[in-house]
Amino acid sequence: MGQRWSPGSMRGVAVRLRFSPSPTGYFHVGGARTALYNWLEARRQGGTFILRIEDTDTERNRPEWVDGIQSAMRWLGLDWDEGPYFQSLRAHLYEAAAAKLMVGGQAYWCDCTREVVLERTRGNAIPGYDGFCRDRDLEPGAGRALRFRVPEEGSTTVVDIIRGRPTFENATIEDFVIVRSNGTSLFVLANVVDDVDMGVTHVIRAEEHLPTTPKYLLLHGALAGGVDLPVFAHVPVLVDERRKKLSKRTHRVALEDYREQGVLPEAMRNYLVLLGWAPGGDREVLTLSEMVEEFRLEDVNSSPAFFDERKLLHFNGEYIRALDPDAFVARSAPFLEQGGWAPDDFDPAAFATLAPLVQERVKTLGEVPAMVDFLFQAEAPIEAKAWEKRVVRGASAREILAAAVDVYGSVEWDAATLHESTADLGDKLGLTLGKAQFPIRVAITGRDVGPPLFESLVVLGRERSIRRLRTALERLDAAGPPASPDRPAG
RNA sequence: GCCCCCAUCGUCUAGAGGCCUAGGACACCACCCUUUCAAGGUGGCGACACGGGUUCGAAUCCCGUUGGGGGUGCCA
């Protein structure tokens with residue numbers, strides 16, 4: 001008790017956290033989780049959440065990625081109090097810092113190309129640049145990069161809320177480049193300068209940054225005397241099924257993909273927060289305010305987590321089912337445009353009637369159109385596999401369809417009556433209701449799975465339903481007698 | 001190679017020396033319910049990587065081994 005570091009103990013100190021993505025690709029789930037953890041910690045402590053775009057590498061940045069990051073964060077509900085700041089607009093600060101280091105002798109110019117360095121250091125015990133230009137007193141000039149002079153003695157210790165105190169021997173750290181030969185600053189410099197300038201108190205970032213943290217610390221010491229150093233928290237990376245770091249290149253990880261698939265942001269948020277952290281008790285589903293209240297950085301796990309799409313989808317199903325029926329209808333709207341019917345043929349009232357039955361059957365909103373498209377298309381959208389299995393080869397399919405045309409023509413058009421008469425119809429053929437339903441379901445909806453049949457019939461209407469049953473009969477007859485599965489023809 | 005990090009069911013995790021016969025969730029299997037499919041209910045399968053310590057007592061603390069991961073760019 002009281003042994004653990006607790007942010008709550010820093011009462012009165014306004015915390016400032018930043019999420020600082022690099023716009024070099026689609027915003028992905030790992031970045032989203034890091035952003036979420038930053039946001040939660042900032043909100044829990046009543047601090048400030050800053051968005052900073054780290055676009056110092058002009059070769060790899062694209063403006064549309066910046067928009068993607070912002071819209072994804074808004075979608076997830078991660079609002080920021082300051083920013084977005086752009087490092088590309090703050091170059092003067094980095095230049096000033098570089099000049100200060102140069103004047104103080106903590107940085108020096110180097111004209112070694114990558115090839116030359118590689119050649120000269122091959123076989124060295126300590127990898128990386130060997131400090132060749134340390135004492136050459138080179139002037140700035142074309143093709144020359146600025147390197148930081150790393151102390152040869154001593155060690156640098158990172159104080160990390162999640163990982164304790166990893167320590168690095170300075171001798172194993174090379175004199176790293178802080179300003180490119182084209183005059184632009186690198187991430188490692190800009191990152192420290194901005195954190196100092198913005199008064200960042202907590203750096204929550206992915207574990208892959210841990211090995212560069214001693215460079216951060218050294219730079220911070222040279223620039224700001226190590227005063228008001230932020231505390232670090234390096235969260236574990238997200239991995240794939242082979243336990244490799246999730247990458248934008250090889251995995252489907254873009255948040256936008258999940259959004260388009262019909263994953264709810266609240267489900268994504270909830271799933272993401274559990275990748276490395278768990279609330280007390282045997283709970284997993286929690287509201288945003290519960291997360292804000294209960295999240296503790298010091299309780300974040302230190303081992304990598306596998307991003308399990310199946311569990312995400314399970315959560316999404318739970319969140320969808322928990323929606324008010326009205327909300328479900330409203331949130332399905334954007335997805336209903338992909339249903340394959342003419343916009344004018346969509347009937348909102350018909351959809352609203354069937355919606356509650358659809359709601360409890362889907363795991364994503366993207367599945368909604370396929371559940372109701374039979375209502376808005378002129379003909380039943382017949383699925384070849386279902387037709388073959390349930391009608392062509394289905395037990396007594398022809399008799400069922402013919403009997404349905406007959407019976408449905410005269411009964412009361414409500415679900416209870418249709419249920420009853422279809423059961424009777426099945427009885428006469430010695431079939432359970434489940435079996436008797438299949439040919440009718442395929443004739444009406446085109447598929448052998450979907451919302452409950454009798455409710456679907458009611459919404460479709462008597463006339464259209466009977467027409468579809470007749471169409472199915474014609475189609476069946478046109479195909480001729482089915483080949484016997486036992487005795488192949490020929 | 002060198003530096004650093006990590007290690008509980010297949011997966012995400014609970015676990016702060018005795019509450020552990022190691023709990024929950026996803027997935028999977030069986031059964032129940034049932035208007036197809038879902039959902040729901042009940043049950044099942046299933047883990048402390050290994051070896052040494054410390055201790056009356058270790059999943060938990062220490063050391064080592066093994067395994068995995070990250071970094072090793074004039075990327076972030």
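A, B, ... follow the sequence lines: proteins, then strands. Residue 1 opens every chain. This structure is a prediction, so every number in the text was calculated from the model and none was measured.
Counting to the nearest Å, the P atom of B:G70 and the CD atom of A:Glu208 are 9 Å from each other. What separates CG of A:Leu189 from P of B:C75 is a distance of 13 Å, to the nearest Å. Across the protein-nucleic acid pair, A:Lys435 atom NZ and B:U36 atom P stand 11 Å apart, rounded to whole Å. Between the NZ atom of A:Lys215 and the P atom of B:C74 there is a distance of 8 Å, given to the nearest Å. Atom CZ in A:Phe168 sits about 16 Å away from atom P in B:C2, given to the nearest Å. Atom CZ of A:Arg296 and atom P of B:U13 are 19 Å apart (whole Å). Residue A:Arg122 contributes atom CZ, which lies 14 Å from atom C1' of B:G1 at whole-angstrom precision. Rounding to whole angstrom units, CG of residue A:Leu275 and P of B:U13 are separated by 6 Å.
B:U21 is unpaired under the criterion used here, namely a Watson-Crick or G-U wobble arrangement in which both key atom distances are under 3.5 Å.
Nearest heavy-atom pair across A:Ser421 and A:Val407 is CB-CG1, 3.7 Å.
Ion pair A:Glu294/A:Arg283 flagged as a salt bridge, since at least one NZ, NE, NH1 or NH2 atom sits closer than 4.0 Å to an Asp/Glu carboxylate oxygen.
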Compile the donor-acceptor pairs under 3.5 Å between side chains in residues 313-320 of chain A and protein atoms, sequence neighbours left out, one pair per line.
residue	atom	partner	partner atom	Å
A:His314	NE2	A:Glu318	OE2	2.7
A:Asn316	OD1	A:Leu264	N	2.7
A:Asn316	ND2	A:Gly262	O	3.1
A:Asn316	ND2	A:Lys363	O	2.6
A:Tyr319	OH	A:Asn270	OD1	2.4
A:Tyr319	OH	A:Leu286	O	3.3

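Spacing of C1' atoms, B:A39 relative to B:U34, comes out at 11 Å, to the nearest Å. Going from the P atom of B:U55 to that of B:A49 covers 23 Å, rounded to whole Å. Between the P atoms of B:G17 and B:C62, the separation comes to 12 Å (whole Å). To the nearest whole angstrom, the two C1' atoms, one in B:G10 and one in B:C28, are 9 Å apart. Across the P atoms, B:C48 and B:A7 are found 16 Å apart, a figure rounded to whole Å. When the P atom is compared between B:A76 and B:G68, the two are found 31 Å apart, to the nearest whole Å. Distance check on atom P: B:C12 versus B:U8 gives 8 Å, rounded to whole Å. With C1' as the reference atom, B:G70 and B:C32 are 49 Å apart, rounded to whole Å.
Ranked by how close their nearest RNA chain B nucleotide is to the 5' end, A:Thr167 and A:Ser20 are led by A:Thr167.
For A:Ala415, counting side-chain heavy atoms from C-beta on, the closest listed nucleotide (B:A76, B:U35, B:C74) is B:U35. Listed candidates were B:A76, B:C74, B:C12. Nearest to the side chain of A:Thr212 is B:A76. Minimum atom distance to the side chain of A:Asn301 is reached by B:A14, of the listed B:A14, B:C12, B:A38. You'll find that the side chain of A:Arg163 is closest to B:C6, out of B:C6, B:C12, B:U36. Distances from the side chain of A:Arg243 to the nucleotides B:G68, B:C74, B:C75 place B:G68 closest. If you check B:U36, B:C75, B:U11 against the side chain of A:Arg60, the one that comes closest is B:C75. Of the candidate nucleotides B:U35, B:C5, B:G70, B:G70 has the atom lying nearest to any side-chain atom of A:Pro211. Taking the side chain of A:Thr172 as heavy atoms from C-beta on, and the options B:A76, B:C3, B:U36, the nearest nucleotide is B:C3.
A ring-centre distance under 6.0 Å is found for A:Phe187 and A:His209. A:Tyr37 has its ring centre less than 6.0 Å from the ring centre of A:Phe295.
For residues 176-194 of chain A, every residue pair satisfying the salt bridge (charged side-chain N to carboxylate O under 4.0 Å, His left out) rule, not counting sequence neighbours, is listed here: A:Arg52-A:Asp194, A:Arg90-A:Asp194.
On a pure distance criterion of 3.5 Å, a polar donor-acceptor pair joins the side chain of A:Glu455 and the base of B:U35. One can find a donor-acceptor pair under 3.5 Å joining the base of B:C74 and the side-chain atoms of A:Ser181.
At B:C75, one or more side-chain N or O atoms of A:Arg180 fall inside 4.0 Å of OP1 or OP2 (strictly under the cut-off).
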Legend entry - Protein proximity profile, nucleotides 20-29 of chain B - base contact B, sugar-phosphate-only contact S, no contact -, cut-off 4.0 Å on heavy atoms: ---SBBSS--
